[in-house]
Amino acid sequence: MNVPARAMPSSPTSDSPRGMALLRDPLLNKGTAFTEAERDALGLRGLLPAHVLSMDDQVARVMTNLRALPSDLEKYIALNALHDRNEALFFRVVCENIDEIQPLIYTPTVGLACQRFGLIFQRPRGMFISANDRGRIAELFANWPYAAKLIVVTDGERILGLGDLGAHGMGIPVGKLSLYSACAGVHPEHCLPVMLDVGTNNEEFLNDPYYIGLRQKRLSGEAYDEFVDEFITAARAAFPGVLIQFEDFANHSAFRLLHKYRDKINVFNDDIQGTAAVALAGLFSALRVSGGKLADQRVLFLGAGEAATGIADLVVSAMMAEGVSEAEALRRTWLVDSRGLVVKNRAGLTEHKLRYAHDHAPVGDFLTAIRTLRPTAIIGVAAVGGAFTPEVLQTMAEINERPIVFALSNPTSKAECSAEEAYRHTGGRALFACGSPYDPVQLGGKKFVPRQGNNSYIFPGVGLGAIASGSRLVTDEMFMAAAHTLAYLVNPDDIEQGSLYPALPRIRDVSAHIAMAVAEVAYRRGLATVPKPNDMMAFIESQMYDPQY
Ligand code: NAD
């Protein structure tokens with residue numbers, strides 16, 4: 001069933017609820033900012049204190065309160081409560097303070113929030129579809145009151161680097177979709193977070209009285225696949241053309257689901273493809289400093305999971321786009337996992353690693369792999385905190401004039417090294433990107449400003465471009481275009497201070513440019529279903545929600 005879109009108001013209309021119902025509708029509520037005329041017209045007189053605040057005053061008040069809170073988790077809870085009360089104000093606060101707020105509504109704080117989700121749960125957001133709903137998922141979608149254009153869905157099995165958090169993983173789709181609205185202006189009403197609650201194998205949660213999900217072990221095998229398939233079929237019937245983003249599925253599901261659906265419908269996996277694009281953009285930026293082509297690099301990954309193989313695949317495609325053969329590009333790309341270097345004669349390699357299993361003698365540890373392979377770049381995506389030891393960093397600095405060091409694991413406790421360590425142990429020569437936020441580092445009279453290789457530079461723009469063009473698929477070519485666009489938007493001042501990504505406050509402009517590049521690919525490849533606009537940028541910008549009253 002297709003749910004008719006409710007009007008997409010920034011302000012109440014004649015059809016809107018009135019009085020108390022209006023104050024309780026987060027999409028329409030302006031709180032104390034309702035004007036005198038609105039208070040008369042909308043039955044609000046007497047329901048609000050006399051003084052009318054401007055939206056700017058409300059933003060300032062929220063920030064004052066937020067900064068007075070003693071912990072990031074309490075800030076997360078306060079922001080969630082605001083989100084539930086007044087969406088426009090929440091998004092205005094996020095947009096105007098993105099540097100400060102993103103780490104609170106997304107990584108790293110969202111990791112802690114998911115771990116405590118049962119305790120901090122106040123109001124449901126999005127849809128919880130459980131294994132008990134098999135056979136009637138279509139009926140559930142009839143309960144959703146808005147016309148979704150974008151679904152972010154997880155089954156909670158691999159939340160960040162934290163493992164199986166079951167239904168508590170819902171914090172991730174909620175956080176991601178907040179970033180979609182804040183960073184790319186996808187209207188909140190079009191965003192639907194979904195938790196596929198297939199159970200959990202997390203014993204602690206199964207015995208936790210406050211765990212919010214199904215108290216049973218995970219569905220697996222055919223039953224799991226049928227459940228996901230029913231969800232996808234029902235979602236596409238309820239919301240024709242809806243873009244579906246897979247999020248934080250475990251390896252064994254993530255690769256299989258992506259390969260099953262990616263050439264048929266508009267889906268993507270941000271952990272695999274979004275991560276790949278943001279890392280590739282970082283490499284392009286680093287090469288603006290160190291010189292040389294991507295195809296000349298030797299890239300060594302610590303980790304061989306979704307992020308590592310996703311990045312490796314896109315790096316190989318990008319090397320090939322520079323003119324080298326696939327075999328040569330693969331020879332330049334290596335993985336180390338928990339059992340050492342991924343090489344051909346290792347038994348039991350899972351399918352996604354096979355492409356990178358080279359003919360080489362076994363190497364047991366990362367440092368020896370660096371000494372043996374002499375990489376120009378190391379990329380940490382194994383969620384092993386501290387794995388880039390001083391020796392690793394010093395060795396990279398011995399081998400390379402400008403070593404490329406990306407410590408992308410998060411949350412912060414899982415980071416391979418801190419920014420300070422990366423710069424200190426390479427004599428300030430590292431071209432560094434991180435997965436967790438770090439403050440600027442002062443070293444040898446120079447100030448380094450590390451920036452996060454955060455997927456939020458990529459997925460909002462990719463999603464916006466795919467939705468705006470009505471693209472039938474989301475392709476690797478789109479992610480490559482996104483990576484080139486992002487690297488191009490890094491300005492010389494950023495580069496000078498060691499930043500490989502643009503400043504986060506530019507994110508809406510960045511997302512608009514990425515959306516344009518993605519939409520161009522959709523039109524060029526005949527994937528778009530929306531008539532091609534004459535002015536692509538104006539068209540993209542016209543789709544972007546601006547949180548104003
Ligand atoms: P994953 O579970 O798919 O992969 C983890 C990989 O690390 C596996 O291949 C595993 O074998 C390997 N590993 C485990 N212990 C190891 C060890 N001691 N030595 C070497 N390898 C080891 O997870 P993923 O989705 O690839 O994510 C990995 C990390 O990257 C997480 O912390 C995640 O939050 C982070 N990540 C960051 C970004 C970003 O900053 N943009 C994006 C995606 C993922």
Side-chain angles (χ1 to χ4, degrees), residues 102-103 106-108 110-111 114 154 157-165 169 172 175-176 179 245-256 258 269-283 300-314 334-342 346 348-354 356-357 363-370 378-389 392 406-416 432-438 450-459 479 482-483 486 500-501:
Q102 179 167 297
Y106 204 63
T107 54
V110 74
C114 287
T154 186
E157 191 169 3
R158 201 244 49 200
I159 296 299
L160 308 173
L162 300 169
D164 182 353
L165 299 189
I172 298 292
K176 278 253 149 123
L179 294 183
Q245 176 180 324
F246 294 118
E247 191 65 38
D248 283 6
F249 283 76
N251 277 196
H252 57 96
S253 306
F255 290 107
R256 198 182 65 257
L258 183 62
N269 181 310
D270 186 54
D271 308 305
I272 299 173
Q273 297 161 287
T275 304
V278 81
L280 180 62
L283 288 174
L300 177 64
F301 292 83
L302 183 69
E306 294 170 40
T309 52
I311 300 168
D313 285 349
L314 201 64
W334 295 75
L335 312 177
V336 169
D337 67 9
S338 52
R339 293 167 54 211
L341 194 63
V342 173
R346 248 179 60 181
L349 282 175
T350 43
E351 200 180 324
H352 62 273
K353 300 179 189 175
L354 289 177
Y356 301 97
V363 175
D365 69 283
F366 191 57
L367 184 59
T368 311
I370 293 177
I378 52 173
I379 300 182
V381 269
V384 180
F388 290 175
T389 58
V392 160
F406 291 180
L408 296 184
S409 288
N410 52 42
T412 315
S413 61
K414 306 280 181 185
E416 287 77 13
F432 178 72
C434 39
S436 302
Y438 286 106
R451 293 223 170 107
Q452 245 182 302
N454 196 310
N455 298 29
S456 65
Y457 281 115
I458 294 286
F459 69 80
F479 284 99
L486 180 56
L500 301 182
Y501 296 99

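Positions are given from 1 along the sequence. First listed ligand is number 1; within each ligand, the first listed atom is number 1.
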Look only at interatomic distance and state if Leu302 has a nitrogen or oxygen under 3.5 Å from any nitrogen or oxygen of ligand 1. no

Aromatic rings Tyr501 and Tyr457: how do their planes relate, parallel, tilted or perpendicular, breaks at 30° and 60°? parallel

Going by distance only, is there an N or O of Asn251 that falls short of 3.5 Å from an N or O of ligand 1? yes

Do Asp271 and ligand 1 have an N or O pair less than 3.5 Å apart? no

For ligand 1, is there an N or O atom under 3.5 Å from any N or O atom of Gly453? yes

Donor-acceptor side-chain pairing of Asp313 and Tyr356 below 3.5 angstrom: yes

Could you tell me, atom by atom, which parts of ligand 1 come under 4.0 Å of a heavy atom of Leu408? 35 (C), 36 (N), 37 (C), 38 (C), 39 (C), 40 (O)

Suppose we measure from atom 29 (C) of ligand 1 to each protein heavy atom; which comes out shortest, and what is that distance? Ser409 OG, 3.5 Å

Under 4.0 Å, heavy atoms only, figure out whether ligand 1 is touched by the backbone of Asn410, its side chain, both or neither. both

Looking at Asp270, is its backbone amide N or carbonyl O close enough to the side chain of Asn455 to form a donor-acceptor pair, meaning the two atoms are under 3.5 Å apart? yes

Protein heavy atom at shortest distance from atom 7 (O) of ligand 1: Ala382 CA, 3.3 Å

The salt bridge (charged side-chain N to carboxylate O under 4.0 Å, His left out) partners of Arg451 (sequence neighbours excluded) come to Asp494

Report yes if Val278 has an N/O atom closer than 3.5 Å to an N/O atom of ligand 1; otherwise report no. no

Among all protein heavy atoms in this structure, tell me which lies nearest to atom 22 (C) of ligand 1, with the distance rounded to 0.1 Å. Ser338 N, 3.4 Å

Which residues share a salt bridge (charged side-chain N to carboxylate O under 4.0 Å, His left out) with Asp164, sequence neighbours left out: Arg218

4.0 Å protein heavy-atom contact status of atom 10 (C) of ligand 1, strictly under: no

Quick one, Leu283 with Phe406, criterion side-chain contact (heavy atoms from CB on, under 4.5 Å). Give me CA distance, side-chain angles, the key distance, then yes/no. CA-CA 9 Å; Leu283 288 174; Phe406 291 180; 3.9 Å; yes

Among all protein non-hydrogen atoms, which one is nearest to atom 25 (O) of ligand 1, and what is the separation to 0.1 Å? Arg158 NH1, 2.2 Å

Contact (N/O only, under 3.5 Å) between Ala304 and ligand 1: yes

Taking Asp248's backbone N and O only, do any of them form a donor-acceptor pair with Asp271's side chain (distance below 3.5 Å, no angle check)? yes

Can you tell me if Glu416 uses its side chain to pair, donor with acceptor, with the backbone of Gly386 under 3.5 Å? no

of all protein heavy atoms, closest to atom 12 (C) of ligand 1 is Gly303 CA, 3.9 Å

Relative to ligand 1, is Lys414 under 4.0 angstrom through side chain, backbone, both or neither, heavy atoms considered? neither

Can you give me the closest heavy-atom contact between Ala383 and Gly161, atom names plus distance? CB-CA, 4.2 Å

Could you identify the single nearest non-hydrogen protein atom to atom 5 (C) of ligand 1 and state the distance to 0.1 Å? Val381 O, 4.0 Å

Please classify the Val384 to ligand 1 contact at 4.0 Å (heavy-atom distances, strictly less than): side chain, backbone, both or neither. side chain

Within ligand 1, which atoms have a heavy atom of Gly435 less than 4.0 Å away? 40 (O)

Geometry only, no angles: is Lys353 polar-contacting ligand 1 at N/O separations under 3.5 Å? no

On a heavy-atom basis, which atom in Ala357 and which in Leu349 lie closest, and how many Å separate them? CB-CD1, 3.6 Å

Looking at atom 4 (O) of ligand 1, what's its closest protein heavy atom, distance included? Gly305 CA, 3.3 Å

When distances are taken from atom 44 (C) of ligand 1, the protein heavy atom at minimum range is Ala307 CB, 3.9 Å

Heavy-atom nearest neighbour of atom 21 (N) of ligand 1 within options Thr275, Asp337, Asn269: Asp337

Establish, from distance only, whether the side-chain atoms of Ser456 and Gln102 form a donor-acceptor pair under 3.5 Å. yes

Charged N to carboxylate O under 4.0 angstrom, Arg346 versus Asp337? yes

Looking at Leu302, Val392, Val336, which one forms a side chain to side chain contact (heavy atoms under 4.5 Å, CB included) with Ile370? Val392

